[in-house]
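A short worksheet on the structure shown next.
In this chain, residues are counted from 1 in sequence order.
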Amino acid sequence: MGELDERSILLVLQEMGAQMREDLPVGEETVRTEDEARLLLAQLVREHGGRDIDPAAIAGNEPDAEVLAQRSLGLFAADPATAPLAQALVQDPPQDEQLVVETAILAAVVLGSLVTWLQTKVHIKVKRAGGKTSFEFSLDKDAADAETVKAVAQQVAKLLP
């Protein structure tokens, strides 16, 4: 992968997220906020990756969000399902005028693209009750067994602080 500046990485991740969302089933409840995205990632890694991560530490500041953005793009480029799109976008990054949202926040974009990528791997059920949000992970996707969720969780754990 070539060297991209922060803005180009942001644009690539934003476009990847938009294109991956097109392939998701319509009508599924999903993550609504950055905080929910952080909770989802922390819960996934805690339950299936064997690590306890403070959700607030996930892309909690701009330098951490930049690192997560770079690592996420590397993950997308290595995943056979998303590699062709990632590589094409890295070779020819989108221009600002090609995207609907021109002033995106890095953490929101990287968290959104990472959650969308996860949704292409495992089914995520969002539960909201009593002011709390939790998630269930299941294998509705092209998965043979529970080891797939564990493998995905371990991939995500490698991205996080």
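For the pair A153 and V45, the tightest heavy-atom approach, listed with the atom from each and the gap, is O-CG2, 3.9 Å. Across all non-hydrogen atoms, the minimal contact from A86 to L73 is CB-CD1, 4.5 Å. Closest approach of P94 and L11 over heavy atoms only: O-CD1, 3.3 Å.
Using modelled atom types and a 3.5 Å distance limit, the side chains of E15 and Q19 yield a donor-acceptor pair.
Checked against salt bridge (Lys or Arg N to Asp or Glu O under 4.0 Å), D35 has the following partners two or more places apart in sequence or in another chain: R38. By the salt bridge (Lys or Arg N to Asp or Glu O under 4.0 Å) test, K132 is found to be paired with no residue, residues two or more places apart in sequence or in another chain being considered.
Rounded to the nearest 0.5 Å, atoms CG (L13) and CE (M20) are 8.0 Å apart. Atom CG of L160 sits about 6.0 Å away from atom CG of L68, to the nearest 0.5 Å. Distance check, rounded to the nearest 0.5 Å: CD of E47 to CG of D52 gives 11.0 Å. Within the model, atoms CG of L44 and CD1 of I124 stand 7.5 Å from one another, a figure rounded to the nearest 0.5 Å. From E66, atom CD reaches atom CG of L10 across 10.5 Å, with rounding to the nearest 0.5 Å.
Between V12 and L4 the shortest side-chain heavy-atom distance falls below 4.5 Å. With a 4.5 Å cut-off on side-chain heavy atoms, R51 and R46 do not count as touching. The shortest distance between side-chain heavy atoms of K127 and T133 does not fall below 4.5 Å. Using a 4.5 Å cut-off on side-chain heavy atoms (C-beta onward), E136 and Q43 make no contact.
Hydrophobic cluster membership differs between V156 and V67, with clusters built from Ile, Leu, Val, Met, Phe, Trp and Tyr side chains linked at under 4.5 angstrom.
The distance between the ring centers of F137 and H123 does not fall below 6.0 angstrom.
Panel note: side chain Q95, backbone P93; a donor-acceptor pair is recorded below 3.5 Å.
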Would you list the atom pairs, donor with acceptor, under 3.5 Å between side chains in residues 107-118 and any protein atom, with sequence neighbours excluded?
from	atom 1	to	atom 2	distance (Å)
S113	OG	V109	O	3.2
S113	OG	V110	O	3.1
T116	OG1	R21	NH1	3.4
T116	OG1	G112	O	2.8
W117	NE1	D79	OD2	2.7

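Using a 4.0 Å cut-off between charged nitrogen and carboxylate oxygen, R128 and E36 count as a salt-bridge pair.
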